[in-house]
Amino acid sequence: MLNIRIGGQAGQGINTIAKFLAKSLLRNGFYVFTSKDYMSRIRGGHNFSDVRLGSRPLGAAVEKVDILLALDETTWSIHQEFIQEDGLLLYDEDDFSPETGPGIKKGLPLKKKAEQFGDKRVAGVIALGLIHRALGIWPEVLQDLLAEKFKGSILEQNLEGLTWGHKMGEDYFSPDDGHAPDESMLISGNDALGMGAVAAGVQFYSAYPMTPATGVMNFLAGQAQKFNILVEQAEDEIAAINMALGAAYGGVRAMTGTSGGGFSLMVEGLGLAGMTETPLVIVNGQRPGPATGLPTRTEQGDLEFVIHASQGEFPRIVLAPRQQGEAFYQVVRAFNLADEYQVPVIVMSDQFLADSEQTIEELSLSADQFSRGKLIKDHRDQEPYLRYKITDDGISPRLIPGEEGQVVMADSDEHNQAGNIIEDAATRRQMMEKRMKRLEIIKENLEPPLYHGAEPEEAQFILVSWGSTYGPLEEARLNLEKEGFKLGHYSFQDLWPLPPGKWQEILNRVPWVLVENNYTGQLGSVLSTEGIKSPRALINKYDGRPFKIEELQQAIKREVNSHGQ
Amino acid sequence: MVSEKDFSNQEEITWCPGCGNYSIRMALQKTLAGMEFKPHQVAMVSGIGQAGKMPHYLRVNGFNGLHGRALPAGTALAAVRRDLQVIVESGDGDIYGEGGNHFLHALRRNPNLALFVHNNQVYGLTKGQASPTSDLGMKTTVQTKGVQLLPLNPLALAIAGGAGFVARSFSGNTEHLKEMMKKAIEYPGLSFLDILQPCVSFNRVNTFQWYRERVYEMGSEHDKGDREQALKKAEEWGDNIPLGIFYQEKRAVFAEDFPRLSREEIFDPRPRVNSWTEMLEKFK
């Protein structure tokens, strides 16, 4: 397993270089995981992308660097400490001359040569030629990729650059062959979330741009024509959620997406979805807060917020996909759950999940993953239709407005079965019970956390995580298992309402350690509402960066040692 | 034949006796019946306030949402359900105050809906505070020294903001109100109708009498295609208050190219397999 880091200033094409590299590795059969670290600026500063490759599925980023492509001196000074002893540093010899530090140093006149080929932007492709040679990979696949992207003289310049770069390199590494299936895909969390919506048949998406959720809107806007999706950039997040609710009332599947700040503005609308029992899927791509926080960084700081947001009480569902492939399936599921229980469903993402790309199996449309619950096209009854008809399970048939002879009334005030405003105590009680009883039914139908690792009875302790922390934590656990540690790992994806299971009994018996990308360990508080005792320790990180595998391994080892065997 | 009674329901109305909302409701029922609409073909979206209760007192599809947020909900509904006639109906506090930003952007977006704003220049539901259109100097329990903020001019704002249909009527002139409602509903795009209306409980300044003495219908001398003239007319307020269509022009309608969905397409929106396969290619 190797890690290639490409760093430089915003505007130097880091993303493009990383994208070509990742795609080429994917098509060469490697499992790939990419992650981005970028500043909230369009030009300058310091950004970097990691491209990890391996012969088995990868789900996390690492600190160590096997190949560093430093497009400026800052990149070298920041990242040189992570370069492996047998690593490789690639740089433009006209930018700086690194004399110290680990790894083999390879300087080339990247920009000068690129200008000779006709465009200084070819510098990145020259470097890609070198990297391919260093990995012992022939550049044919990359040639195809360039031909898919460029035409005419620009393609010629890039192909010349690639060939020259490849020739100037040497064979340094011999990675294991990749074994990813031919039909593998490389997909980011944001694209997977958007693709899930497409698969579920989303017909309306409204949002206000906010990092790191903007990618979902970009993706859906790109697919809007092909799949008849109305994608609208709203004037603010308040408009975004109210638009989505208006569309959902009309019967179509609707979704909105934002980050914590925008979610804060959406909160009254969230309550409106609860009160009117209108199905809605909301993606919350978390970033460090409060207020504007760190716009382009990652955190898992919104869990308790989204569980409790809004005045009053109503059922909602909170899901946190662990990885990119799951992000797709959980959005499909979110739409079904929203329709089945007529509640808002919040899908928790974060910058790490949203922007990282992972090699996954081809995503498929599956006929059995579609349910609209009690949505009806026809009322077929002599009696007038009642939107909030009292039923055994608290879920009323939801008629698509527009049937001759019937009207559909949805109301944000407390209302009677017809949807008309009331104030009497008896109806209020009846409607509260109708809405709230669904919470218990939902609970029984959600999925308990996944368990990996040593049997609980034999484990030194159990690691507990939620959402995107799964990737780095599970890889760290597997590495430690090879070193002889006995650890379990519970990872939560369905977070609210908490699904019952044997995990409750186990976590009250076996010592456990909470691992979260926030300050307070919010999942611990959420679990305590189910009577779960406190964790033995909290391993957390709140600097805006995702967990790296090495640091997790060290933290877990420290925890093991502090308690003896 | 559709009759105005088809749009009545049995709900107990909680407006004050003598409230202008009663005549607006009657005018709307008559307009819808006169235009041969059936209740299931109409969807009314409202916010919060006395006017926001309107969908409860009519037999049409209704979405009574949040304070100030009727326009976004109505915009999306009109776009995805082109088979429904969407009417957004709320008060001056709701549309011009709490929902001011949505008002501005709805004008730009131009969704196909009729926007009826009951403008009584005061907050009724919360008992008499100033609204964005309250006249300068009006004393209330909060504005104890009289209103100091300049009153908003919704018509001038709408014309300047790009609206394609801008009109005003008065709840006390049912015939005129019906005519304006009809023309607004017929207009393709956002048709904005500001309806002057007395609040018998909280507005002691702008009473029924006050309005009746001042309003007049603009005649054929007003060229509703002339934007400058329309803006000038919109500035007229005080002793003489013009009623009628101030401005009208044809504009591109929001999401006009979005397909008219059948009930079956709404119910089962799953994507076609060939489009799906084509999309996946980009990720391999």
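- Contact tally against chain B (heavy-atom pairs below 4.5 Å) for A:E232, A:Q406, A:E148: the top residue is A:E232.
- Of the listed residues (B:H105, B:H102, B:R272, B:E265), the greatest number of heavy-atom pairs within a distance under 4.5 Å of chain A belongs to B:H102.
- A:S188 does not touch chain B: none of its heavy atoms, backbone or side chain, sits under 4.5 Å away.
- Interface remark: A:A199 contributes backbone and side-chain atoms alike to the contact with chain B (heavy atom separation under 4.5 Å).
- In this structure, chain A has heavy atoms under 4.5 Å from both the backbone and the side chain of B:D268.
- For A:T258, there are no side-chain hydrogen bond (donor to acceptor under 3.5 Å, both in side chains) partners, not counting sequence neighbours.
- Between chain A and the residues B:K53, B:E264, B:R108, the most heavy-atom pairs under 4.5 angstrom are made by B:E264.
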Show every donor-acceptor pair shorter than 3.5 Å between a side-chain atom in residues 36-45 of chain B and any protein atom, with sequence neighbours excluded, or say none if there are none.
{"from": "B:K38", "atom 1": "NZ", "to": "A:E404", "atom 2": "OE2", "distance (Å)": "3.0"}
{"from": "B:Q41", "atom 1": "OE1", "to": "B:K38", "atom 2": "N", "distance (Å)": "2.8"}

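- A:F30 is linked by a ring-ring contact (aromatic ring centres under 6.0 Å, His included) to nothing, counting only residues two or more places apart in sequence or in another chain.
- Residues A:I376 and B:F267 are not in side-chain contact: their nearest non-hydrogen atoms beyond the backbone lie 4.5 Å or more apart.
- Taking 4.5 Å as the heavy-atom cut-off, the residues of residues 58-72 of chain B that approach chain A are B:R59, B:V60, B:N61, B:G62, B:F63, B:N64, B:G65, B:L66, B:R69, B:P72, ordered by number.
- Contact check for A:E235 versus B:R109: side-chain heavy atoms found under the 4.5 Å cut-off.
- The closest side-chain heavy-atom distance from A:F219 to B:M279 is below 4.5 Å.
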